[in-house]
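What follows is a set of notes on a single structure, which appears directly below.
Throughout, a chain's letter reflects where its sequence line sits, starting with A, and its residues are numbered from 1.
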Amino acid sequence: MPRFYVTTPIYYVNDAPHVGHAYTTVNADALARWHRLAGDEVFFLTGTDEHGDKVARAAKENGASPTDWVDATSRRFVEAWRGLNISNDDFIRTTEPRHRVAVQSFLQRVYDNGFIELGTYSGWYCVGCEEYKDTSDLLEGRVCPHHRRPVEWLEEENYFFKLSAFSERLVDFYERHPDAIRPPGRRNEVLGFIKGGLQDISITRTSTTWGVPVPWDAAHVFYVWYDALINYVTAIGYGQDDERFVSWWPAVHHLLAKDIVRFHCVWWPAMCMAAGIDPPGHLVVHGWLLVGGERLSKTRIASAAGNADKAGPLSLTEIAPEALTEDFGVDAVRYFLLRDTAFGADGDFSYEGITSRFNADLANNLGNLMARVAMVVASKCKGVGPKPDPASRLQSVSAGAVADAISAWNDAQPHLALEATWRLIHETNSELESAEPWKCEPGPVVDAVLGSALEVLRIVSVLTWPAMPEVCAEIWRRLGLPGSPDGCRVPADTAWGGYPGGLVVEKGAALFPRRAR
RNA sequence: GGCGGCGUAGCUCAGUCGGUAGAGCACACGGCUCAUAAUCGUGGGGUCGCGGGUUCGAGUCCCGCCGCCGCUACCA
């Protein structure tokens with residue numbers, strides 16, 4: 001059985017879950033759900049990144065122990081994902097014992113292989129930022145641009161990862177696997193960066209104890225990024241269950257936003273090579289959601305997010321997913337995130353944007369189709385859904401849409417998959433207009449038209465299940481079908497003719513009540 | 001500065017190997033009234049950023065310019 005391993009980055013617990021996190025996570029979830037429909041064995045991983053001095057300090061400021069602090073902050077992500085119907089199979093936390101074991105095992109291997117050595121890290125350090133600054137980033141008089149205070153020269157003994165040893169191997173790997181990084185523009189950026197020459201990087205800290213201890217030197221803990229990336233192998237048993245590990249690795253799909261490309265596309269593959277395992281197979285990079293739209297939209301989003309009093313424009317990171325799902329419903333938010341932005345490109349996030357998608361796609365097209373079909377079935381077929389017409393024009397329309405949707409889902413392009421699916425909805429509305437079953441006497445002609453429309457709704461609820469599981473299950477139920485779309489298999493259950501007929505069709509309330517404006 | 005990308009209808013964008021410009025949304029008009037003032041049909045003459053060049057012919061190739069954006073190492 002084919003396997004599909006998909007990950008999100010693990011989210012840093014100092015952030016509150018926001019729409020940017022939700023964007024990546026919903027995309028990963030939709031892909032996971034799609035591959036489950038396809039019959040693949042799926043492992044969908046997300047989690048939280050909980051080490052680093054910033055976390056330790058935040059805990060202290062809040063009068064909590066680091067452990068209590070990360071327990072509380074990590075839980076917010078668990079709850080946010082529950083609220084968005086995220087179907088992750090595992091939720092990893094870097095403070096878990098299994099992760100400490102994996103990190104120590106992984107990096108001990110890298111050390112044993114000779115790719116870690118002791119060195120001195122020195123540079124201009126900003127106490128406020130808690131990080132070293134490049135001289136080119138500093139203002140006049142060696143002042144930190146963020147904190148407006150002078151930086152200090154620090155030297156620290158650190159262990160270094162010999163990243164420089166992997167330039168050629170990385171280039172070679174990416175040239176032999178041209179699809180390893182998508183989209184191609186990101187791949188080119190990475191190749192350009194690598195070819196520009198790689199420097200060794202420090203991977204341990206002595207300035208904090210809130211991290212994974214370096215097994216061969218108790219004075220150090222691993223730098224948080226080095227610890228974090230390894231989560232991807234921890235969760236599938238690295239260092240603890242080799243049989244399980246090799247069954248999932250390296251055919252992984254890492255979803256990530258463009259700002260963390262280097263960590264995932266340069267550091268992480270090199271680390272894997274250094275540890276003697278294959279680099280990750282698929283790095284899928286997407287853009288950022290940007291807050292755009294009119295001033296009104298910001299006001300309304302601010303209002304929805306409980307930030308109505310905040311002055312000035314609202315940033316994406318201030319918008320809580322719960323504020324949106326309360327307002328629009330889980331399915332509509334998921335649909336917007338998946339449909340409105342071409343995966344890979346930057347997208348615009350606005351209240352108008354969601355409202356527009358909600359009304360045009362969900363209320364007017366999908367919801368209304370369900371309502372009008374159910375109504376006519378009630379009046380012309382005594383509420384019992386007829387069989388689809390094998391010769392319906394919609395049969396070939398459906399076949400085309402299904403093929404396109406399958407291809408797009410398989411290619412991690414949800415917006416195209418949904419676009420193709422909605423083409424089928426549109427054609428079905430069109431077909432109803434020309435057949436006008438509500439004007440006809442009950443009989444075979446009416447049955448053929450309505451049965452075909454019901455069949456479209458069945459197929460649509462399978463194709464759309466990865467995006468909107470709740471409403472698809474509801475449509476399924478209203479069609480009188482047993483179970484739910486998640487019991488289906490693609491492509492078998494998207495073939496024309498699957499609706500058996502003879503089932504009681506329920507009208508029900510509007511699936512997506514149209515919204516004002 | 002260097003490398004890369006983009007600039008097409010009000011908005012978001014498609015435009016394969018060069019051959020008289022397309023989709024969705026929005027808008028307008030018409031039809032229908034089964035349906036959530038929903039739906040269906042029709043309507044897009046936009047210097048394809050600007051200026052040159054190659055060609056029988058260029059949004060589509062080449063050069064220059066303007067504008068915008070990405071990357072150019074230790075931020076999760």
Side-chain angles (χ1 to χ4, degrees), chain A residues 9-15 21 48-52 54-55 94 121 123 129-134 136-137 146 158 160-161 163 183-203 205 223-229 256-263 266-267 287 292-293 339-342 345-348 352-353 356-357 359-380 415-416 419 422-423 425-440 446 449-450 453 507 509-515:
Chain A
I10 49 174
Y11 303 116
Y12 203 55
V13 285
N14 273 11
D15 284 342
H21 299 121
T48 43
D49 184 8
E50 306 185 1
H51 284 133
K54 287 184 189 177
V55 173
T94 56
Y121 192 86
C129 297
E130 289 191 274
E131 66 190 38
Y132 288 94
K133 296 288 178 184
D134 196 90
S136 62
D137 293 333
H146 297 119
N158 280 330
F160 280 72
F161 174 58
L163 184 63
R186 296 295 168 195
R187 171 179 186 268
N188 293 339
E189 276 182 15
V190 169
L191 276 171
F193 178 80
I194 296 169
K195 287 174 179 172
L198 297 177
Q199 298 170 17
D200 297 341
I201 34 187
S202 72
I203 62 166
R205 297 287 123 100
Y223 172 51
V224 62
W225 256 117
Y226 264 66
D227 153 7
L229 289 163
L256 56 136
K258 62 185 185 180
D259 55 325
I260 51 176
V261 163
R262 183 176 317 128
F263 304 109
V266 181
W267 291 13
R339 173 66 186 87
D340 206 60
T341 299
D346 287 349
D348 284 310
E352 282 85 347
S356 174
R357 284 292 175 193
N359 284 339
D361 295 0
L362 303 183
N364 297 352
N365 283 302
L366 176 58
N368 186 54
L369 178 62
M370 177 75 239
R372 71 195 303 203
V373 170
M375 199 61 167
V376 183
V377 167
S379 64
K380 299 291 178 181
H415 67 294
L416 294 178
E419 185 180 55
W422 257 251
R423 220 165 56 222
I425 293 171
H426 171 260
E427 290 297 326
T428 304
N429 273 317
S430 180
E431 185 68 12
L432 288 173
E433 289 295 326
S434 61
E436 298 185 304
W438 46 86
K439 282 187 177 176
C440 307
V446 167
V449 171
L450 294 176
K507 167 81 165 65
L511 257 16
F512 297 99
R514 191 181 159 82
R515 316 190 111 240

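Rounded to a whole angstrom, the distance from the P atom of B/G45 to that of B/C32 is 27 Å. For the P atoms, the distance from B/G10 to B/C27 is 16 Å, rounded to whole Å. Rounded to a whole angstrom, the distance from the C1' atom of B/G43 to that of B/C65 is 38 Å. Atom C1' of B/C13 sits at a distance of 27 Å from the matching atom of B/G51, rounded to the whole Å. For B/A28 and B/G49, the C1' atoms lie 30 Å apart once the distance is rounded to whole Å. For B/A58 and B/G53, the P atoms lie 11 Å apart once the distance is rounded to whole Å. If you take atom C1' in B/A9 and the same atom in B/U47, they sit 13 Å apart, rounded to whole Å. Atom name C1', nucleotides B/A14 and B/U8: the rounded distance is 10 Å, in whole Å.
A straight line from CH2 of A/Trp267 to P of B/A73 spans 12 Å, rounded to a whole angstrom. For A/Glu189 and B/G4, the CD to C1' distance is 7 Å, given to the nearest whole Å. Remark: C1' of B/C74 and CG of A/Asp49 are 15 Å apart, rounded to the nearest angstrom. A straight line from CZ of A/Arg186 to C1' of B/C3 spans 14 Å, rounded to a whole angstrom. Separating the CG atom of A/Asp259 from the C1' atom of B/C69 is a distance of 16 Å, rounded to the nearest angstrom. Computed from coordinates, the A/His415 NE2 to B/A23 P distance equals 18 Å when rounded to whole Å. Put simply, NZ on A/Lys54 is 7 Å from P on B/C75, counting in whole angstrom units.
Residues passing the side chain to side chain donor-acceptor pair (under 3.5 Å) test with A/Asn158, sequence neighbours excluded: none. Every residue meeting the side chain to side chain donor-acceptor pair (under 3.5 Å) condition with A/Asp340, not counting sequence neighbours, appears here in chain and number order: A/Arg357. Residues passing the side-chain contact (heavy atoms from CB on, under 4.5 Å) test with A/Glu189, sequence neighbours excluded: A/Arg186. Residues satisfying the ring-ring contact (aromatic ring centres under 6.0 Å, His included) test with A/Tyr226, not counting sequence neighbours, are A/Phe161, A/Trp267. Every residue was checked against the side chain to side chain donor-acceptor pair (under 3.5 Å) condition with A/Asn188, not counting sequence neighbours, and none meets it. Applying the side chain to side chain donor-acceptor pair (under 3.5 Å) test to A/Arg339 and every residue at least two apart in sequence or in another chain returns nothing. Qualifying side-chain contact (heavy atoms from CB on, under 4.5 Å) partners for A/Pro184, counting only residues two or more places apart in sequence or in other chains: none. Partners of A/Asp15 under the salt bridge (charged side-chain N to carboxylate O under 4.0 Å, His left out) rule, at least two apart in sequence or in another chain, do not exist in this structure. For A/Tyr121, the ring-ring contact (aromatic ring centres under 6.0 Å, His included) criterion is met by A/Tyr132, not counting sequence neighbours.
Toward the 5' end of RNA chain B, the nearer of the two residues A/Asn188 and A/Lys258, judged by each one's closest nucleotide, is A/Asn188.
Contact of the A/Asn429 side chain with the A/Arg372 side chain is registered, since non-hydrogen atoms from C-beta on lie closer than 4.5 Å. Put simply, the side chain of A/Phe193 reaches to within 4.5 Å of the side chain of A/Leu198, judged on heavy atoms.
Counting non-hydrogen atoms under 4.0 angstrom, A/Gly197 reaches a base of the nucleic acid. Using a 4.0 Å heavy-atom distance criterion, A/Asp15 is classed as a base contact. Using a 4.0 Å heavy-atom criterion, one finds that A/Tyr121 contacts the bases of the nucleic acid, with or without backbone contacts as well. Within the 4.0 angstrom heavy-atom criterion, no nucleotide atom of any strand lies near A/Ile10. Residue contacts for A/Arg357: at a heavy-atom cut-off of 4.0 Å it reaches no nucleic acid atom on any strand shown.
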Considering only nitrogen or oxygen atoms on both sides, find all protein atoms under 3.5 Å from nucleotides 6-12 of chain B and state each distance.
none

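Nearest nucleotide to the A/Leu163 side chain, out of B/C74, B/A73, B/G70: B/A73.
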Whether each nucleotide of nucleotides 28-40 of chain B has a protein heavy atom under 4.0 Å at its base (B), only at its sugar-phosphate (S) or at neither (-) is summarised, 5' to 3', as ---BSSBBB-SBS
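In this structure, A/Tyr12 contributes its side chain and A/His51 its backbone to a donor-acceptor pair below 3.5 Å. The backbone N or O of A/Leu163 sits less than 3.5 Å from a side-chain atom of A/Asp200, completing a donor-acceptor pair.
For the strand RNA chain B, secondary-structure stems (runs of at least three Watson-Crick or G-U pairs, all distances below 3.5 Å) span B:1-7 with B:66-72, B:10-13 with B:22-25, B:27-31 with B:39-43, B:49-53 with B:61-65.
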